[in-house]
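This structure is a prediction, so every number in the text was calculated from the model and none was measured. Just follow the structure's listing: the first ligand is 1, and inside any ligand the first atom is 1.
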Amino acid sequence: MALIVQKYGGTSVGTIERIHRVADRVAQAHRAGDQVVVVLSAMSGETDRLVKLAHEATPMPDEREMDMLLSTGERVTIALLAMDLRGRGINARSFTGRQVGIITDSAHTKARIARVTADRLREALAQGIIPVVAGFQGINAQSDVTTLGRGGSDLSAVALAAALKADRCIIFTDVDGVYTADPNVVPAARRIDKIAYEEMLEMASLGAKVLQTRSVEFAAKFNVPVEVNSSFKEGKGTLVTREDADMEAVAVAGVTGDRNQAKITIVGVPDKPGIAARIFGPVAQAHVNVDMIIQNMGQDSLTDLSFTVPRADLRKATPIIQSVAKDIEAKSVSITEAIAKVSLIGVGMRSHSGVAAKMFEVLSREGINILMISTSEIKISCVIDEKYLELAMRSLHSAFGLDQVSQGDHPAK
Ligand code: ASP
Ligand code: MG
């Protein structure tokens, strides 16, 4: 008998019809003999609706009250599902975050989990009850309701799975897993059977929004096997787990594209010690995250410095850079928004050499100019002209052998 945590997202519980279908799945796992703990999100759109209401009440809602409000969305779905199951003669019970002992700090609206007692869950399971738990919420040391940040019910599920030492935490969502690239951009993308926590984290931070990032960090820390699967169709999903030999055997696991960056170049920067600190100090103070930085070899003790910042922060960063550029007597500042970052991700990069060289070759073959490069142990990113992003993603996806082989086809050569 396995202990499984099943988490269903907002679209999966968005209507009563869909809640019936969730009840079908829970009942099925229960009949198969598994012990099941269910974690739910609010109905899709509900949390947004509540946030909007709060801002109609007052422009800057108090955060403790905000959590009191937002935590209600999940109470609705857990009660409805528990009723449905009980109506079918299945012994289910709903529980709030407080009742299952999800204890957090006091950072309202983005609380961090401090510990999970889960006593009531263990009791319920021992009595053969199916617990249906409200995701996204906990309580602080004063017993005030807290929430874990948007998308936080993934984290609730993983944290409960860790506390109960569950065999698996299944995240049921509207996609059937994690793909080698965004299928909307790369039609040949395929579902990945198994992906390492670290790869998933890189994919998530680069724009693949399947799992909340903090839930993946938590799963990695406590080694919780997480499966992402569709709540709408039967079939295999993607297992997010510890790195293994299969994963290391392939150099590249996925390709991502990111259009959320902008590039700033300061031309004619005096090439002397202390200048970089004078430029990036004020940028950091304004809480603007600088991603990539390159400094070109200069002439006549002048150099050019380029870096990227999130597009959303460009308005904040521009006046700061312009004023620093003046102070240090640089020649000019130029800004380009029409850039994009294409990245290759894979734990196999640690043991495969030549991935970067091949990436550059593929891009050059397509006539795509590389503006900036950055690498880490398991990732290589190139900044390119935004208009070539889709072409770059498709060519790299295919060159690194990630394309789906359709039935009847045989791989070339
Ligand atoms: N209902 C919350 C949200 O919309 C939590 C979640 O769905 O994971 O952010
Ligand atoms: Mg979600």
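Close N/O approach between Thr47 and ligand 1 is found [any backbone or side-chain N/O within under 3.5 Å]. Considering backbone and side-chain atoms together, Phe136 places no N or O closer than 3.5 Å to any N or O of ligand 1. The shortest N/O to N/O separation between Glu74 and ligand 1 falls below 3.5 Å.
Residue-ligand proximity, Ser41 to ligand 1, at heavy-atom distances under 4.0 Å covers atoms 6 (C), 7 (O), 8 (O). Each of the atoms 3 (C), 4 (O), 9 (O) of ligand 1 lies under 4.0 Å from some heavy atom of Arg150.
Of the N and O atoms on the side chains of Gln261 and Thr308, at least one donor lies less than 3.5 Å from an acceptor on the other residue. Thr146 and Asp67 share no side-chain donor-acceptor pair at under 3.5 Å.
Here Arg21 does not pair with Glu17 in a salt bridge; the nearest charged N to carboxylate O distance is not below 4.0 Å. Looking at Arg64 and Asp62, no side-chain N of the basic residue comes within less than 4.0 Å of a carboxylate O on the acidic one, giving no salt bridge.
Here the CZ atom belonging to Arg25 is positioned 6.5 Å from the OG atom belonging to Ser231, to the nearest 0.5 angstrom.
Gly151 counts as a contact of ligand 1, since one of its heavy atoms falls under 4.0 Å from the ligand. Judged by the shortest distance from any of its heavy atoms, Gly152 lies inside the 4.0 Å radius around the atoms of ligand 1.
Between Val133 and the choices Leu121, Val38, Leu40, Ile78, the side-chain contact (heavy atoms from CB on, under 4.5 Å) rule is met once, by Leu121.
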